[in-house]
Amino acid sequence: MDYKNTLNLPETAFPMKANLPIKELEILKFWEDKDIYNKILESRKNSNMFVLHDGPPYANGHIHMGTALNKILKDMVIKSKTMMGYSSPYVPGWDCHGLPIEHNVEKEYGVMDKAKTRKACRDYATKFIDIQKQEFKRLGVLGQWDKPYLTMSYDYEATIYKEFLEFLNNGYVYESKKPVHWCMSCKTSLALAEIEYEEDKSISIYVKFDFISDLGSEDKKFLGKAVSAVIWTTTPWTLPANLAVAVGPDIDYVFVQVKEREVLLVAKELCDKLMEKFEIKDAQIIKETKGKDLEGYELAHPFYDRISKMILSEYVNLEVGTGLVHTAPGHGEEDYEVGLKYNLSIYSPVDEDGRFTQDVQYFAGEHVFKANEKIIELLKKNGMLLKEEEIVHSYPHCWRCKKPVIFKATKQWFISLEKNDLRSKALEEIKKVQWIPKSGQNRIYAMVENRPDWCISRQRAWGVPIALFRCKKCGRIVKDKEILDFTAKSIEQFGADVWFEKDNVYFLPKDYKCECGSQDFEKVEDILDVWFDSGVSHKAVLYNKIKWPADMYLEGSDQHRGWFHSSLLESVGTLGKAPYKSVLTHGFVVDAKGRKMSKSLGNVIAPQSIIEKYGADILRLWACATDYREDIKLSNEIMTRLIEGYRKIRNTIRFLLGNLSDFYKERSLKYEDLEEIDKWILAELENLKEKLFKAYENYEFHLIYQNVTNFCINTLSSFYLDILKDTLYCDSLNSKKRLSAQTAMKEVLDVLIKFLAPILSFTAEEAYQLNKPEKESVHMEYFVPTIDKYKNEPLREKWSLISKIRLSVLKALELAREQKYIGNSLEADVYLNSNNSLVKSILFDERINLADIFIVSHVFCKSIDNALVDYTDETLGLIVKVTKAIGEKCDRCWKFDESVSKNENHLCKRCQEVINEQRLKF
RNA sequence: GGGCCUGUAGCUCAGCUGGUUAGAGCACUGUGCUGAUAACGCAGGGGUCAGUGGUUCAAGUCCACUCAGGCCCA
């Protein structure tokens, strides 16, 4: 007879197949309809706060794996903090200004006036904010999505401007020249993103710079000889602006005698090649020296009556040239940097059309590219040209007009790092912040320590203007408080557009005069660096609003130079403190081989494709399972493995739910009344909880995945739950043993669901709703606190030994199975014997049922002859013998027992009793 | 080229302050069950710990270099 429907088999609405792509949409709707985010905050309104401040992604394009990872990690931090009892609001933001948007707008609509460009940029940003918002929400990230912060909102723009004024009024801000890419035909400066590199033919020349310094007085070898340093350049037109010659401090140089009275200085390594090039035979090295010993010598400019200094630069390399580098601080990035160090002037005597200014001897009014030839002529005439040759190299071109660009120094606005000790204060603050991982501290420290002053101006349209007036006559900047305050107020009211839309008369009081008496003013039209925009977010979003400083900033490790950096300088500059207490960084998403994802490599995986195929919880599990502090690999195999892991967790939850369907709180037993095995699982659970708490506290999410998976597989699935099945299915609904099991299982399920909620946010919610929920959403819950009563190390040790004994028995059973003596382990009886006292104490312990634990029909602690299998475990001192089970197979529980043959229903004693009890009920 | 960092089984990760034959889960192979069933159990194979050299009685664990990769800068 089939007794299947007399069993208490698991029953649940929690399906084995998750169907996440569909199910998640329902859950999203549930969260939104019930306004769960705000209810969570409401439930924590009297709690301590933990504020993770969102770094604003750029409102451009769809989200990619990196942004998805970042948002998921943030969400896991916030949800876990919430479940620890904190009030942890999440205000997402977007970075809206800046060149990439302006660039795309210009590509689409062509060049427009500022007002139109700004309007189009605003629309463009708005569009992508909406797109990204939907994509972020789909990841399961809960937050204040209806009221995000936008760097282009009027009040935020006003904050940017006001913060700039703080810097201005505290004396940090100054104007100075700096070389930028300059298009001579568009007459505009260009950002890096607007530069296209193309192969170009160019002239390159080797030029002599004579030593003025008298080397003969130092070393007789030089007496009566003309000594020259040899440089190489591909831009002869920058020679008029030459102010120095740079050498590498650790590079070896040689003085080579080439004629009776002529000596050249070149890098040792390149010497032979150069002599060949210059067609010099019989060159003789007369002296060797390190670059650092050359510092400070004076050279003569090759055609002007001017000194060119010998300086040191780390940028010098030996790939091309002579190892000595012509340096014009007004015409090159590196030249500029090193020029600042040596206090050279940023000399750039070229106008916006690319013509030399009037003060340039020989070449005034000449276009720089045309001047190239004339300069070479002059050098030839002076005898300073050693060699001239054509080369092909990649040269920057304007993305718009495709013409070659030049480096030209233009006036820019800076924030000084030395004023008010900004740099040293920032460095001190860095030391106070908790950097996770620790190496982040070194990284940002080195950057702040070495960076030049902050160039905050851009010659673009889409941004917050440096809204200041300049006297056209004397150049003075208007700093009157009323005028600046009025401007700030206007921006707050109308947005930064007001600066471009209204005339001077709107901002300046009637009859306003400059100190010099002039009434003629011009607007500064430069806009602020977007890093300044996002750098003030702590002020715009947190300060005097939520909580300041933030407890955490969490971004990719590239932000050490980016947002962490600009926020730090901004905050230290105006408030004297870092805006964050801790900074957590994650690595970058790479492919299976550890290479970065790029379109050209064709290895890009979009988050959308994973969500559509597998669901956001799988993506979340991925973010959790890998150690994000390093690079995070993503591949099809990794996804497949994660899906397996997900299924294991899901099925464990499903089994627990199924076996608790008839259970409710009132039926739970007191801890003291639990079976030993159930006390044991609670002790194991306590151990797991401790690990999980620690992992959440240290933000080591991958340990949560590892621990939970191992617990589900080893502790639950293959041991505890497997053993429990007989009790759960076959015992009476009211049996103490079964209620004891359910009491423990309920606790286990609770812990799993709640501790997984920050990670598998959808699945946890689904399970929570089916498990007789106490709150509206699992995300309003708290982590299950540690319960001291459940801790029980001796019990854990005892059961660890039981588990070892079990493994030996399973091994013996496997041997019997291989020989086809048994199939199902219930077909076997086990005989045990041990000379180990500890093992023996287990064998004869009456509180545990070994037959249950081994899932066999009977266990006898004695010896027997003629066993089918005889297995000895040396380390335990245990002898295991296996025989066919005595008695017949009970039709209901499938255990073998001698009572079965005597029973008219072919049932064992236990099952007959359960059936009797069930009949009584109906 | 410089700064910061990484490299343990096919995949994801453990391996504490250097100390027994390097661990786990998944995957793989074999197998049992068919009352967690596109599930569950059991058993098994698989690693010269990126490479080379060094320190040490002893190195995956410390040092140097090399190779591969990532972020930032040049």
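Worth saying up front: this structure is predicted, and the values here are computed from it rather than measured. In what follows, every chain begins at residue 1, and chains take the letters A, B, ... in the order their sequences are listed.
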Is there a donor-acceptor contact under 3.5 Å linking the side chains of Lys804(A) and Thr875(A)?
no
Does the side chain of Met639(A) come within less than 4.5 Å of Leu642(A)'s, by heavy atoms?
yes
Which residues share a side chain to side chain contact (heavy atoms under 4.5 Å, CB included) with Asp722(A), sequence neighbours left out:
Lys725(A), Arg806(A), Ile855(A)
5'-most by nearest nucleotide on RNA chain B - Leu703(A) or Gly823(A):
Leu703(A)
When every nucleotide of nucleotides 18-28 of chain B is labelled 5' to 3' by its protein contacts under 4.0 Å (heavy atoms), B for base, S for sugar-phosphate only, - for none, what sequence of letters results?
------BSBS-
Expressed in angstrom and rounded to an integer, what is the separation of Leu656(A) atom CG from rC40(B) atom C1'?
14 Å
Nucleotide by nucleotide, 5' to 3', does protein get under 4.0 Å of the base (B), only the sugar-phosphate (S), or neither (-) in nucleotides 61-74 of chain B, counting heavy atoms?
--------SSBSSS
Counter-base of rA39(B), judged by Watson-Crick or G-U geometry with both distances under 3.5 Å
none
Give the ring-plane orientation class for Trp435(A) versus Tyr580(A), where under 30° counts as parallel, over 60° as perpendicular and anything between as tilted.
perpendicular
Counting only Watson-Crick pairs (N1-N3 plus N6-O4 or O6-N4) and G-U wobbles (N1-O2, O6-N3), all under 3.5 Å, who is the partner of rC67(B)?
rG7(B)
With sugar-phosphate meaning primed atoms plus P, OP1 and OP2, does Arg892(A) contact a base, only sugar-phosphate, or nothing at under 4.0 Å between heavy atoms?
base
Taking Asn659(A)'s backbone N and O only, do any of them form a donor-acceptor pair with Gln742(A)'s side chain (distance below 3.5 Å, no angle check)?
yes
Nearest-Å distance for atom pair CZ/P, residues Arg654(A) and rC40(B):
10 Å
Checking N1-N3 plus N6-O4 or O6-N4 for Watson-Crick, or N1-O2 and O6-N3 for wobble, each under 3.5 Å, the partner of rC49(B) is none
With heavy atoms under 4.0 Å as the rule, sort Ser439(A) into base, sugar-phosphate or nothing.
sugar-phosphate
Asp95(A): what forms a side chain to side chain donor-acceptor pair (under 3.5 Å) with it, not counting sequence neighbours?
none
Just the rounded figure in Å: distance from C1' of rC40(B) to CZ of Phe655(A).
9 Å
Answer for the Watson-Crick or wobble partner of rA27(B), both distances under 3.5 Å, is none
Would you say whether Tyr3(A) stacks on rG35(B)? The test is a distance between ring centres of less than 5.5 Å and an angle between planes of less than 30°.
no
Hey, could you give me the NZ/OG distance between Lys593(A) and Ser635(A), rounded to the nearest 0.5 Å?
11.0 Å
Rounding to a whole Å, what distance do you find between Ile430(A):CD1 and rC4(B):P?
14 Å
Distance check needed: rG1(B) P versus Asn450(A) CG, whole Å only.
20 Å
Taking the basic N atoms (NZ, or NE/NH1/NH2) and the acidic carboxylate oxygens, is any pair closer than 4.0 Å for Lys648(A) and Glu644(A)?
no
Under 4.0 Å between a side-chain N or O of Lys4(A) and OP1 or OP2 of rU34(B)?
no
Within the sub-3.5 Å range, which N or O atoms of nucleotides 42-46 of chain B have a protein N or O partner, and how far apart are they?
residue	atom	partner	partner atom	Å
rC42(B)	O2'	Glu814(A)	OE1	2.9
rA43(B)	O3'	Lys811(A)	NZ	3.4

Those residues that, when tested against Tyr614(A), pass ring pair (Phe, Tyr, Trp, His ring centres under 6.0 Å) (two or more places apart)
none
Both distances below 3.5 Å, Watson-Crick or wobble geometry, any strand: find the nucleotide opposite rC57(B).
rG19(B)
Separation of the C1' atoms in rU61(B) and rU56(B), to the nearest angstrom
13 Å
Base partner of rG1(B), which must satisfy Watson-Crick or wobble distances under 3.5 Å
rC73(B)
In Watson-Crick or G-U wobble terms, both distances under 3.5 Å, what is the partner of rA14(B)?
none
Do the side-chain N and O atoms of Asp678(A) and Tyr720(A) include a donor-acceptor pair separated by under 3.5 angstrom?
yes
Give me the ring orientation class for Tyr553(A) and Phe564(A): parallel if the planes are under 30° apart, tilted from 30 to 60°, perpendicular past 60°.
tilted
Using a 4.0 Å heavy-atom cut-off across all strands, classify His560(A) as base, sugar-phosphate, or nothing.
nothing
Protein-nucleotide distance (His565(A), atom NE2; rG3(B), atom P), rounded to Å:
18 Å
Contact class for Asn603(A) (heavy atom, under 4.0 Å): base, sugar-phosphate, or nothing?
nothing
Within this structure, what is the CG-to-P distance between Leu721(A) and rA36(B), rounded to whole angstrom?
11 Å
Gap between atoms CG and P, on Asp627(A) and rU8(B) respectively (whole Å)
12 Å
CA sep, side-chain torsions, deciding dist, call: Tyr646(A), Thr763(A), side-chain hydrogen bond (donor to acceptor under 3.5 Å, both in side chains)
CA-CA 10 Å; Tyr646(A) 174 84; Thr763(A) 305; 2.7 Å; yes
Quick one: label Lys820(A) by what it contacts on the DNA or RNA (base, sugar-phosphate, nothing), any heavy atom closer than 4.0 Å.
sugar-phosphate
Heavy-atom count around Asn636(A) CG within 6.0 Å, excluding the residue itself: above 12?
no
With RNA chain B as reference, determine whether Leu9(A) or Ala625(A) sits nearer its 5' end, using the nearest nucleotide of each.
Ala625(A)
Parallel, tilted or perpendicular: rings of Phe701(A) and Tyr628(A) (30°, 60°)
tilted
